[in-house]
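Worksheet: one structure, shown below.
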Protein chains: 2
Amino acid sequence: MADEIEWNVLMRTCPSRTSLAEIANKWTAMIVVVLGAGPLRFTQVRTRVDGISAKVLAETLRRLERDGIVTRRSYDEMPPRVEYELTTLGHSLAEPLEALRRWAEGNIVQVLEAREAYDLRPTSGGGRDLA
Amino acid sequence: MADEIEWNVLMRTCPSRTSLAEIANKWTAMIVVVLGAGPLRFTQVRTRVDGISAKVLAETLRRLERDGIVTRRSYDEMPPRVEYELTTLGHSLAEPLEALRRWAEGNIVQVLEAREAYDLRPTSGGGRDLA
DNA sequence: CAGAATCCGTGTAGATACTG
DNA sequence: CAGTATCTACACGGATTCTG
């Protein structure tokens with residue numbers, strides 16, 4: 001994290017930026033993290049990623065399938081059963097995302113404290129720049 | 001990535017989840033990554049995170065400041081100069097985010113290929129479940 | 001169970017104009 | 001330069017209903 005990098009311009013035309021923007025999504029990140037532990041059925045994912053609607057889950061899973069992150073395996077049974085599993089590519093993505101989740105878990109207290117401190121600052125309620 | 005984890009349920013009540021959702025944001029991730037190389041002025045950030053509007057950049061920086069991720073240093077000069085810099089906490093966040101950016105950069109081709117293949121599949125155009 | 005379809009509210013982002 | 005203010009809009013997510 002010490003090297004000065006000239007490439008550090010995230011051009012809007014760069015396709016990897018679009019990709020990053022998609023990954024860096026609330027639900028996407030959570031779903032991949034959850035699937036990192038192994039294949040799950042639709043409802044299982046939904047239970048673990050608590051709060052997501054069926055619609056959004058289906059949409060996101062579809063997109064992840066399209067991007068080669070997860071595979072969708074549908075068993076022709078009754079009642080229907082569909083399993084989602086990370087691909088190799090998906091697992092490679094799960095690693096950095098898992099690191100991110102760990103960061104969130106490990107630093108939430110600091111964030112909360114910083115937030116509280118910020119909100120208590122006189123500048124945050126009234127006048128802006130303290131100059 | 002092999003341990004079966006029962007905690008792997010991202011409860012909606014868990015504050016770290018909210019935190020993750022905020023981090024896993026298009027602009028947030030890019031800004032932190034860009035600031036990872038060192039302090040930058042407002043316009044410099046804006047240039048590097050190409051495409052972001054001044055409004056959204058200001059809002060996001062404010063939120064990051066509130067969360068203790070960046071510091072805002074305003075020099076009383078004319079013309080005005082404001083520098084944003086990652087805090088220690090911010091740098092600790094930049095690492096996993098940088099890893100994520102690297103992933104996006106390194107795997108964009110595979111994603112693009114997978115996407116193309118998916119779109120060419122007969123099922124993606126017409127009838128759904130191939131059963 | 002695993003979705004698809006529909007409707008709808010709103011948050012978040014974008015463009016534009018203005019200011020210290 | 002570094003923002004703020006205002007307005008707009010559309011994509012995103014949520015709730016509900018229906019189906020194979």
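Letters A, B, ... mirror the listed sequences (proteins, then strands); counts begin at 1. Nothing here was measured: the structure is a model prediction, and the numbers come from that model.
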Legend entry - Nearest-angstrom distance from the residue atom CD of A:Glu59 to C1' of D:dC12: 8 Å
Inset, instruction - Check the hydrophobic clustering (I, L, V, M, F, W, Y; side-chain heavy atoms under 4.5 Å; chains of links allowed) and say if B:Ile108 and B:Val33 are grouped together. - result: no
Legend entry - B:Ala58 side-chain proximity, nearest of C:dG3, D:dT4, D:dG13: D:dT4
Inset, instruction - Report yes if some heavy atom in the side chain of B:Tyr75 is under 4.5 Å from a heavy atom in the side chain of B:Arg41; otherwise report no. - result: no
Inset, instruction - Work out how much the helix from C:dC1-D:dG20 to C:dG20-D:dC1 bends between its end axes, five pairs an end, to the nearest 10 degrees. - result: 50°
Legend entry - Note, B:Leu64 side chain near B:Leu35 side chain (heavy atom, < 4.5 Å): no
Legend entry - Nucleotide nearest B:Phe42 (side chain, heavy atoms from C-beta), chosen from D:dA2, C:dA5, C:dG14: D:dA2
Inset, instruction - Rounded to the nearest angstrom, tell me the gap between atom CG in A:Leu61 and atom P in C:dA4. - result: 10 Å
Inset, instruction - State which of C:dG3, D:dG20, D:dG14 makes the closest approach to the side chain of A:Pro80. - result: D:dG20
Legend entry - Nucleotide nearest B:Tyr84 when distance is taken to its side chain, options C:dA2, C:dG3, D:dG3: D:dG3
Legend entry - Ion pair B:Glu98/B:Arg102, N-O distance below 4.0 Å: yes
Legend entry - C:dA4 phosphate, OP1 or OP2, under 4.0 Å from A:Arg62 side-chain N/O: yes
Legend entry - Cationic N near anionic O, under 4.0 Å, B:Glu65 to A:Arg121: yes
Inset, instruction - Could you tell me whether the side chain of A:Phe42 reaches within less than 4.5 Å of the side chain of A:Leu61, counting heavy atoms only? - result: yes
Legend entry - Spacing between A:Asp50 atom CG and D:dG13 atom C1', to the nearest angstrom: 15 Å
Inset, instruction - Could you tell me whether B:Tyr75 contacts a base, only the sugar-phosphate backbone, or nothing, with contacts defined as non-hydrogen atoms closer than 4.0 Å? - result: nothing
Inset, instruction - Check the distance between C:dG11's C1' and B:Lys26's NZ and give it to me in whole angstrom. - result: 14 Å
Inset, instruction - Please tell me which of A:Lys55 and B:Pro79 maps to the more 5' nucleotide of DNA chain D, matching each residue to the nucleotide holding its nearest heavy atom. - result: B:Pro79
Legend entry - Nearest-neighbour nucleotide for the B:Ser53 side chain, C:dG14, D:dG14, C:dA2 considered: C:dG14
Legend entry - A:Arg81 vs C:dA2: side-chain N/O to OP1/OP2 distance below 4.0 Å: no
Inset, instruction - Starting at atom CD1 of A:Ile52, determine the distance to atom P of C:dA2, rounded to an integer number of angstrom. - result: 14 Å
Inset, instruction - Please check the phosphate of C:dA2 (OP1 and OP2 only) for any side-chain N or O of A:Arg41 closer than 4.0 Å. - result: yes
Legend entry - D:dC12 OP1/OP2 closer than 4.0 Å to side-chain N/O of B:Asn25: no
Legend entry - Protein-nucleotide distance (B:Glu65, atom CD; D:dG3, atom P), rounded to Å: 10 Å
Legend entry - Between C:dA2 (C1') and A:Arg73 (CZ): distance, integer Å: 17 Å
Inset, instruction - Considering just the side-chain nitrogens and oxygens of A:Arg46, establish if one lies under 4.0 Å of OP1 or OP2 belonging to C:dA2. - result: no
Inset, instruction - Using side chain to side chain contact (heavy atoms under 4.5 Å, CB included) as the criterion, point out the one residue from A:Leu93, A:Leu20, A:Leu97 that pairs with B:Trp103. - result: A:Leu93
Inset, instruction - Rounded to the nearest 0.5 Å, what's the gap from CD on A:Glu105 to CG on B:Leu10? Could you check? - result: 9.5 Å
Legend entry - Distance, rounded to the nearest Å, where B:Leu57 contributes CG and C:dT12 contributes C1': 15 Å
